[in-house]
Protein chains: 4
Amino acid sequence: METESKNFLAFTLDPKSGVPFYKQIILQIEMAIADGRLNCGDQLPTVRGLAVDLQINPNTVARAYSELEIRGILLSQQGSGTFISDKKIKLNEIERERILAELTRTFITKAASYGFTLNEIINYMGEFENETEKGDKENDTNDKK
Amino acid sequence: METESKNFLAFTLDPKSGVPFYKQIILQIEMAIADGRLNCGDQLPTVRGLAVDLQINPNTVARAYSELEIRGILLSQQGSGTFISDKKIKLNEIERERILAELTRTFITKAASYGFTLNEIINYMGEFENETEKGDKENDTNDKK
Amino acid sequence: METESKNFLAFTLDPKSGVPFYKQIILQIEMAIADGRLNCGDQLPTVRGLAVDLQINPNTVARAYSELEIRGILLSQQGSGTFISDKKIKLNEIERERILAELTRTFITKAASYGFTLNEIINYMGEFENETEKGDKENDTNDKK
Amino acid sequence: METESKNFLAFTLDPKSGVPFYKQIILQIEMAIADGRLNCGDQLPTVRGLAVDLQINPNTVARAYSELEIRGILLSQQGSGTFISDKKIKLNEIERERILAELTRTFITKAASYGFTLNEIINYMGEFENETEKGDKENDTNDKK
DNA sequence: GTGGTCTAGACCACA
DNA sequence: GTGGTCTAGACCACT
């Protein structure tokens, strides 16, 4: 359950997380706006298209979009699509950290259940970073041409 | 809504959080295992005892214990109590590495959907580690005096 | 106390067996998966529907489904229903063999404690296979006419 | 949780089976008498000894023994121990098959949850038999000297 | 409509 | 004393 749109925006849904699908979509759109991956005027995937990509009920996508529209974050224009409005998202650091903490906690306890210690996990993440840096540089090179 | 056992194991419930009671109990047990406050063979509070302490229905505690038992983390025995399972994870190094890689990849992908960068994640995990260490040191200090 | 779904999936409960209702449901779902009557993505009867059919409390059905969900065999989604999980087991051949060997060894040791010989076990498994085949053929015949 | 006595009698307890410990012990003693591994006059392990071996409460072993004594299958003699009586065990084939069916069903559904098919399992058991035959012959040779 | 959570209270079986 | 099972019924949230 993962999809990548034109705008380097990847939605992922986790059915096991307990968080309802529509809330997962809302959160990911908000975060994308907050950190600049989505900007004022950008078009969002269509309700139907995103529903197909994520293999969920279109009503669920519609609910996420409509809630964001009510809050003034999205603008739906009949016939042309759904767009990011100019309203600023005020995602305070506390909220951001709460989400990261939740994801991290889940990850650590799951790894711990396989017998990995906190130290082991962090060390591995360090190696992971190094490997990925190499990959990133290669990508950078490709982008520059 | 708070209770403290002999081993510095305190359960607290936050009714306002929106997180179901039984999940809050599960999370606290998982974290206690992950950071070593609970170890193989340790006995947990009794279902009824914890229910009284937390002022909730015994069924709710039983549900939390039961989920952890299904997942192989606890072992309940009629008449004697509920204990941390001593499941020995027999994995060779290659399999261990493969599992950790898989868990990490999934975690990072999911975090990326919310706009967190790899650097941000690793930094946070560092803080995460420090917090746990701090807690341990405070306990050590208290214990020694 | 018997119900039959569209796909030749019949649940029956035996109150005299001493086996808890929720476990009887679990066993029947497991067997239906093992012999192919239930496949990835198939929807199960609704909690309330099955409860009415079996004339038991919906909580009892929910408990059975919930245990199977925790074990990763089912996936429940609020508002849409309960489905057979499409978990893809990614194991290479070596790991597969290791797991089967481990399971088999444990099974044979346990059976030996009850005085069953390896030959006896293998013969029984043969009959077990034949029974399932017979059932399948009967269904095939019924389907074709 | 496994122990082997002098009489080629191995007790195994499965805490996850749901069958109470005392019943597992009773069943295994009955089966051992029925198939000749235990004979009239044979001494059983002491209550304490078996409890230590199986890492369970002595009361549990005592309960199993006392239930068998009430049924005339065991005889306890103050100060000397517990012995098999001359009472015949009438374990009909139906009961025996029921136990084997239960063990087999559990084994098969567990293996199925790892993606093994019934055929695959049975084939593997065949190979397993061949390997073990070799081992048995070696043992036979050793025994003859 | 679907499943999820929680309560209250009963009864059973094991150690 | 311990945990296990089941019911009845309420209320909530998601699709």
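Residue numbering restarts at 1 for every chain, and letters A, B, ... go by the order of the sequence lines. All values derive from a computational prediction rather than experimental measurement.
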Rounded to whole Å, how long is the line connecting atom [atom1] of [X] with atom [atom2] of [N]?
{"X": "Tyr65(C)", "N": "dT5(E)", "atom1": "OH", "atom2": "P", "value": "17 Å"}
{"X": "Leu50(B)", "N": "dG3(F)", "atom1": "CG", "atom2": "P", "value": "10 Å"}
{"X": "Glu67(B)", "N": "dG4(F)", "atom1": "CD", "atom2": "P", "value": "14 Å"}
{"X": "Phe83(B)", "N": "dC14(E)", "atom1": "CZ", "atom2": "C1'", "value": "13 Å"}
{"X": "Leu75(B)", "N": "dT2(F)", "atom1": "CG", "atom2": "P", "value": "18 Å"}
{"X": "Lys16(A)", "N": "dG4(E)", "atom1": "NZ", "atom2": "C1'", "value": "18 Å"}
{"X": "Glu69(B)", "N": "dG4(F)", "atom1": "CD", "atom2": "C1'", "value": "10 Å"}
{"X": "Ile70(C)", "N": "dG3(E)", "atom1": "CD1", "atom2": "P", "value": "16 Å"}

Within the 4.0 Å heavy-atom criterion, would you say Ser66(B) contacts the bases, only the backbone, or no part of the nucleic acid? nothing

Would you say Thr46(B) places a side-chain N or O within less than 4.0 Å of OP1 or OP2 belonging to dT2(F)? yes

Is the backbone N or O of [Y] less than 3.5 Å from a side-chain atom of [X], with the two atoms forming a donor-acceptor pair by type?
{"X": "Gln78(C)", "Y": "Pro20(A)", "value": "no"}
{"X": "Thr82(B)", "Y": "Leu44(B)", "value": "no"}
{"X": "Gln43(D)", "Y": "Ser80(D)", "value": "yes"}

Close side-chain approach of [X] and [Y], heavy atoms under 4.5 Å:
{"X": "Gln28(A)", "Y": "Thr12(A)", "result": "yes"}
{"X": "Leu50(A)", "Y": "Tyr65(A)", "result": "yes"}
{"X": "Thr104(D)", "Y": "Phe107(C)", "result": "yes"}

Secondary structure of DNA chain E per the Watson-Crick/G-U criterion (both distances under 3.5 Å; [ ] crossing, | other strand, . unpaired) is ||||||||||||||.

Shortest non-hydrogen contact between Gln24(A) and Val19(A), atoms and distance: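 Closest approach of Gln24(A) to Val19(A): NE2-O, 2.7 Å.
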
Taking all non-hydrogen atoms of both residues into account, name the closest pair between Pro58(A) and Val47(A) and its distance. O-CG1, 3.5 Å

Between Val19(C) and Ser76(B), which residue's closest nucleotide on DNA chain F lies nearer the 5′ terminus? Ser76(B)

Between the side chains of Glu67(B) and Arg71(B), is the shortest nitrogen-to-carboxylate-oxygen separation below 4.0 Å, so that they form an ion pair?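 Yes, charged N to carboxylate O under 4.0 Å.
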
Expected string for nucleotides 7-15 of chain F under the B/S/- scheme (protein heavy atoms, under 4.0 Å, primed atoms plus P, OP1, OP2 as sugar-phosphate) is BBB---BBB

